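Before any comments, here is the structure.
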Protein chains: 2
Amino acid sequence: MSAVSSRTDSDHRMEYCGRAYLCRMFSKAFGYALRAAVYVAIHGKDGKKVSLQEASDALGVPHHFLGKIMQDLVKHGIFDSIKGPNGGFYANSGTPQMFLIDILKITDGNLVFDQCALGIRRCNAAHPCPLHHDFANCRDGMIQALTVKTVGILAEDVESGMSFLAR
Amino acid sequence: MSAVSSRTDSDHRMEYCGRAYLCRMFSKAFGYALRAAVYVAIHGKDGKKVSLQEASDALGVPHHFLGKIMQDLVKHGIFDSIKGPNGGFYANSGTPQMFLIDILKITDGNLVFDQCALGIRRCNAAHPCPLHHDFANCRDGMIQALTVKTVGILAEDVESGMSFLAR
DNA sequence: ATAAATAAAGATTTAAAACTCTTTTTATTG
DNA sequence: CAATAAAAAGAGTTTTAAATCTTTATTTAT
Ligand code: FES
Ligand code: FES
């Protein structure tokens, strides 16, 4: 049995992009958190509140797991909440300005990601693993996006129909 | 407590690249497998063989875990092995031509990665999540690298001192 | 033929992420 | 003030990846 194959770049797009071999990259919690923050930014303003039930239904995310995550986001000021009847989660004045990477720090920040995608200890441009530069490009691109984009920017994209939070 | 901060792109490089918040992206098994394949390509040729002990010592990878992984690589023809005294793992004629993505398929292929990095089900350019295009860029870059690079190319880089497998 | 060295196979354990369940606290409303 | 609705908190379970341990099969050398 052999795994050899000759394959062009356009092939891979057919073969991999749809079914997606790649890639975890972030925790599920981060994806849930980000979507929740955008959802609250859209639906939890002008005095409106979003209940946990509404959010988990709308986003299709496990109820209690999302509860934990949203608690954490409140604790870190991404948005606010209030208990009791007619309580819920709602945006504060800073919510739209939150950087996505701030949310990543909240959900994944304590995970110690390996520096090197191949698991080599001392990883830097001077002592690179054979894929260092490819990984660095990829990683920098994502960090760049997460660093400049805010919850508000994503909310606008969603509100204008350019992108979607669910389904 | 607030997570707000204003941060430039150059800041993030200082803050994140060294300690690396990002990112798992592949299983550890893939990193081990790739390094093992390159190691065997370098040291398991011209009649020489690499014992599991030698490989796990040289790469600093858990002995038995690596054993499992190398078994699997042999089964898929990435390199060969022989049991008994003076046995071990060694490159076959196809080893240097193996594409990295073939190894990824062996180690991670059965994992169902979420298509969408944010966990949204239907993920494509027509129905994108708010980060779809950023992810797509990153992902395509990595797939591109894994699709065109071979074990032999990495082995040459390592042999010429351009990159490193361990430490 | 026996012993030794080695990979292969299988079973088990550990650790971490993902998810669920239960209880408590806080606020609102009648 | 009592009942209720909601988030917060905490404990517990499940699943998966990662790592370890044990046994078996194969080859070589003596
Ligand atoms: S040395 Fe491996 S990614 Fe940098
Ligand atoms: S829809 Fe989320 S990455 Fe494509």
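In what follows, chains carry the letters A, B, and so on, assigned in the order in which the sequence lines appear, proteins first and then strands, with residues in each chain numbered from 1. Note that the structure is a prediction, hence the values are computed from the model and not measured.
- Between the CD1 atom of B:I69 and the C1' atom of C:dA8 there is a distance of 15 Å, given to the nearest Å.
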Between protein and nucleotides 11-14 of chain C, what N or O pairs are separated by less than 3.5 Å?
unit_1, atom_1, unit_2, atom_2, d
C:dA11, N6, B:K68, NZ, 3.2

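- If you measure from atom CG of A:D80 to atom P of C:dT26, you get 17 Å, rounded to the nearest angstrom.
- Under the rule for a side chain to side chain contact (heavy atoms under 4.5 Å, CB included), the partners of B:N92 that lie at least two apart in sequence or sit in another chain are B:D80, B:T95.
- Within residues 29-64 of chain B, the residues having any heavy atom under 4.0 Å from DNA chain C are, by residue number, B:V50, B:S51, B:L52.
- Here the side chains of A:V61 and A:I69 are not in contact, with every heavy-atom distance at 4.5 Å or above.
- Of the side-chain N and O atoms in B:S81, one or more sit less than 4.0 angstrom from OP1 or OP2 of C:dA8.
- Members clustered with A:I153: none, using a 4.5 Å side-chain heavy-atom cutoff among hydrophobic residues.
- Across all strands, B:G67 comes closer than 4.0 Å to no nucleic acid atom at all (heavy-atom distances).
- For A:Q71 and D:dA6, the CD to P distance is 16 Å, given to the nearest whole Å.
- Residues B:P128 and B:H133 are in side-chain contact: their nearest non-hydrogen atoms beyond the backbone lie under 4.5 Å apart.
- Following rounding to the nearest Å, A:L66 (CG) and D:dA7 (C1') show an atom-to-atom distance of 12 Å.
- Atom CG in B:D72 sits about 13 Å away from atom P in C:dG10, given to the nearest Å.
- A:A55 is linked by a side chain to side chain contact (heavy atoms under 4.5 Å, CB included) to A:V50, A:L66, A:M70, counting only residues two or more places apart in sequence or in another chain.
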Protein-nucleotides 25-30 of chain D N/O pairs under 3.5 Å:
unit_1, atom_1, unit_2, atom_2, d
D:dT26, O4', B:K83, NZ, 3.4

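- Residues meeting the disulfide (SG to SG under 2.5 Å) test with A:C129, sequence neighbours left out: none.
- Straight-line distance from the CZ atom of A:F65 to the C1' atom of D:dA11: 16 Å, rounded to whole Å.
- With sequence neighbours excluded, no residue forms a side chain to side chain contact (heavy atoms under 4.5 Å, CB included) with A:N86.
- Residues meeting the side chain to side chain contact (heavy atoms under 4.5 Å, CB included) test with B:A155, sequence neighbours left out: B:V38, B:A41, B:I42.
- Per the geometry, CE belonging to B:M70 stands 16 Å off C1' belonging to C:dA9, to the nearest Å.
- Atom C1' of nucleotide D:dA8 and atom CG of A:L73 are separated by 14 Å, given to the nearest angstrom.
- Pairs engaging residues 151-160 of chain B under the salt bridge (charged side-chain N to carboxylate O under 4.0 Å, His left out) rule: B:K45-B:E159 [sequence neighbours left out].
- Other cluster members for B:F164: none, since no ILVMFWY side-chain heavy atom sits under 4.5 Å from it.
- By the side chain to side chain donor-acceptor pair (under 3.5 Å) test, B:Y39 pairs with B:E54, sequence neighbours left out.
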